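For reference, the structure discussed in these notes is given below.
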Protein chains: 2
Amino acid sequence: MESSSARSGGSTRREATRQKLYEAAVTLIAEQGFSATTVDEIAERAGVAKGTVYYNFASKSVLFEELLRHGVGLLTASLREAAEQTAHEGGGKVDALDAMVRAGLVFIDRYPAFTQLYVAELWRTNRAWQSTLMVVRQEAVAVVEGVLREGVAGGEFSEEIDVQLTAAALVGMVLVAALDWKSFQPQRSLDDVHAALSRLLQGRVSGRA
Amino acid sequence: MESSSARSGGSTRREATRQKLYEAAVTLIAEQGFSATTVDEIAERAGVAKGTVYYNFASKSVLFEELLRHGVGLLTASLREAAEQTAHEGGGKVDALDAMVRAGLVFIDRYPAFTQLYVAELWRTNRAWQSTLMVVRQEAVAVVEGVLREGVAGGEFSEEIDVQLTAAALVGMVLVAALDWKSFQPQRSLDDVHAALSRLLQGRVSGRA
DNA sequence: ATTTTTATACTGACCAGTCAGTTCAAAATT
DNA sequence: AATTTTGAACTGACTGGTCAGTATAAAAAT
């Protein structure tokens with residue numbers, strides 16, 4: 001039988017090394033930024049020789065780009081799953097949105113460093129990985145936009161809403177609230193934060209308790 | 001007698017030079033990030049010799065910190081003014097929030113590069129200007145928190161809302177929506193964007209047009 | 001046997017910060 | 001009024017250090 005090692009596209013050992021490098025790079029770059037983070041630091045944090053970095057990645061930029069793709073891939077999959085899940089359960093689009101907010105929070109809870117780094121790079125221009133970032137951003141936002149559009153089509157949301165802008169605003173809401181949570185009140189539970197955002201999302205802010 | 005140039009805190013010429021350096025630095029750092037931007041670039045864009053940068057600022061970091069303080073000062077003042085304006089006109093806290101959303105949009109419309117740069121640096125850690133950023137962030141968010149708290153006290157908002165988290169979420173909503181606007185649909189008018197966000201803010205998303 | 005990793009040394013470009021010297025307008029002196 | 005002095009503002013070549021990326025021979029893992 002085929003050993004567990006020879007899997008599609010590379011040996012297990014190599015994959016493990018790459019994973020270690022991702023993890024080292026993501027925290028360092030989140031803290032310091034791409035340019036301020038040296039390849040030597042990344043190698044050291046990963047417990048690996050510098051040469052190994054270049055054996056596994058063509059350059060520092062390429063390492064970073066693949067890291068971005070990898071991370072946003074996880075997020076997109078998670079958002080999609082959340083939306084589909086509520087559809088299966090016969091929930092409306094409001095439920096789908098709510099589930100996606102939660103999925104977003106879960107993701108940020110699990111990968112806070114990646115989220116930091118992503119936000120920091122997202123609106124930059126003139127950088128090598130700009131196009132990668134654009135593609136990958138659109139993938140994630142498109143999931144939210146999709147749910148909004150379906151909601152409008154099905155009469156659940158007002159036809160007057162601006163889908164693209166509203167999607168961006170929702171993403172921003174979750175993103176900034178979650179980063180605030182992680183940075184300044186990390187002791188709070190995910191449920192707690194989710195409840196606060198649900199309230200805001202459903203317009204239950206004004207009016208009495 | 002004291003010459004006309006020697007005014008409070010510095011000559012006019014010096015102030016003009018500092019202003020040029022701010023303007024050059026803000027766009028370059030927004031595009032490329034702090035570390036990837038060289039002092040030579042900043043000096044060149046400002047039309048000034050490198051030595052002049054160091055004559056006016058102790059270091060690259062200090063230039064950046066003063067830039068941050070300067071920019072967020074403008075934002076905070078603008079938010080405060082918006083909130084007070086509606087109070088004078090006898091509007092409720094919802095109106096105040098709405099006015100602050102608009103003030104935020106106006107600010108971002110006028111200083112998009114500063115906004116980019118601010119977002120990119122806000123959640124970093126282990127950087128020299130970390131504490132400056134914290135102080136300055138709190139000043140701005142505190143204005144929003146203040147309005148929310150007053151709204152709760154006055155019975156206009158539910159007592160169940162989480163003031164800190166909701167403030168962060170609102171800031172995020174405006175920030176990300178506005179950056180999306182500037183980056184991907186710059187032809188749209190400010191009123192248009194404001195209307196979309198107002199709708200979201202007041203829960204007029206679900207339900208029919 | 002082949003792939004992957006290690007350890008170490010090296011190169012060349014790049015860049016933050018320095019400093020000796022220049023500019024120039026206002027103030028003081030004649 | 002003409003001349004000299006002063007000092008703040010500015011200049012740009014230079015320096016010392018840093019860092020991405022390369023090289024390579026030997027070891028370890030599969």
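Protein chains get the first letters and strands the later ones, always in sequence-line order, with residue 1 at the start of each. Just so it is clear, the model here is predicted, and its values are computed rather than measured.
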Does OP1 or OP2 of [N] have a side-chain N or O of [X] closer than 4.0 Å?
X	N	value
A:Asn56	C:dT5	yes
A:Thr17	C:dT5	yes
B:Tyr55	D:dC10	no

Less than 4.0 angstrom from a charged side-chain N to a carboxylate O is my criterion; do [X] and [Y] meet it?
X	Y	result
A:Asp109	A:Lys182	yes
A:Arg199	B:Asp162	no
B:Glu145	B:Arg149	yes
A:Asp180	B:Arg137	yes

For B:Gly47, which contact category applies under a 4.0 Å heavy-atom criterion: base, sugar-phosphate, or nothing?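 It contacts nothing in the nucleic acid.
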Classify B:Val53 by what it touches in the nucleic acid, base, sugar-phosphate, or nothing, heavy-atom distance under 4.0 Å.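 B:Val53: no heavy atom of the nucleic acid under 4.0 Å.
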Quick check for you: among D:dT11, C:dT5, C:dA16, whose closest atom lies nearest to any side-chain atom of B:Val39?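 The nucleotide sitting nearest to the side chain is C:dA16.
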From the set D:dA9, C:dA7, D:dG21, return the single nucleotide nearest to any side-chain atom of A:Ala49.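 Nearest to the side-chain atoms of A:Ala49, counting from C-beta on, is C:dA7.
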Quick one: [X] [atom1] to [N] [atom2], roughly how many Å, whole number?
X	N	atom1	atom2	value
A:Phe57	D:dA20	CZ	P	15 Å
B:Arg14	D:dA8	CZ	C1'	8 Å
A:Lys20	C:dT4	NZ	P	15 Å
A:Leu21	D:dA20	CG	P	14 Å
B:Ile42	C:dG17	CD1	P	11 Å
A:Glu44	C:dT6	CD	P	13 Å
A:Lys60	D:dG21	NZ	P	8 Å
A:Asp40	C:dT6	CG	C1'	14 Å

What residues from residues 22-38 of chain A pass a heavy-atom cutoff of under 4.0 Å to DNA chain D?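 Going residue by residue through residues 22-38 of chain A, the ones with a heavy atom under 4.0 Å of DNA chain D turn out to be A:Thr37, A:Thr38.
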Over all heavy atoms of both residues, which pair between B:Val176 and A:Ala168 is shortest? Give the atoms and the distance, please.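 Minimum heavy-atom separation between B:Val176 and A:Ala168: CG1-O, 3.2 Å.
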Plane angle bin for A:Phe107 and A:Phe114 - parallel if under 30°, tilted between 30 and 60°, otherwise perpendicular: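 Geometry flag for A:Phe107 against A:Phe114: perpendicular rings.
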What orientation do A:Tyr22 and A:His70 show, parallel under 30°, tilted 30 to 60°, or perpendicular over 60°?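 The arrangement is parallel - the two ring planes meet at less than 30°.
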Quick check: any donor-acceptor pair below 3.5 Å linking the side-chain of A:Lys50 to the base of C:dA7?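 Per atom types, no contact qualifies.
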If you apply the rule side chain to side chain donor-acceptor pair (under 3.5 Å), what do you find for A:Thr37 with A:Gln32, and how did you get there? CA-CA 6 Å; A:Thr37 301; A:Gln32 307 176 324; 3.2 Å; yes
Which residue, B:Ala58 or A:Thr52, contacts DNA chain C at a nucleotide closer to its 5' end, judged by nearest heavy atom?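 With B:Ala58 and A:Thr52 compared, the 5'-side residue is A:Thr52.
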Checking side-chain polar atoms at under 3.5 Å, does B:Glu89 have a donor or acceptor matched by the opposite partner on B:Gln85?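 The answer is yes; a qualifying pair exists.
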Go through A:Glu31 and B:Arg127 one step at a time and tell me if the salt bridge (charged side-chain N to carboxylate O under 4.0 Å, His left out) criterion holds. CA-CA 8 Å; A:Glu31 283 168 7; B:Arg127 306 227 77 176; over 6 Å; no
Report each atom pair, protein N/O against N/O of nucleotides 19-24 of chain C, whose distance is under 3.5 angstrom.
none

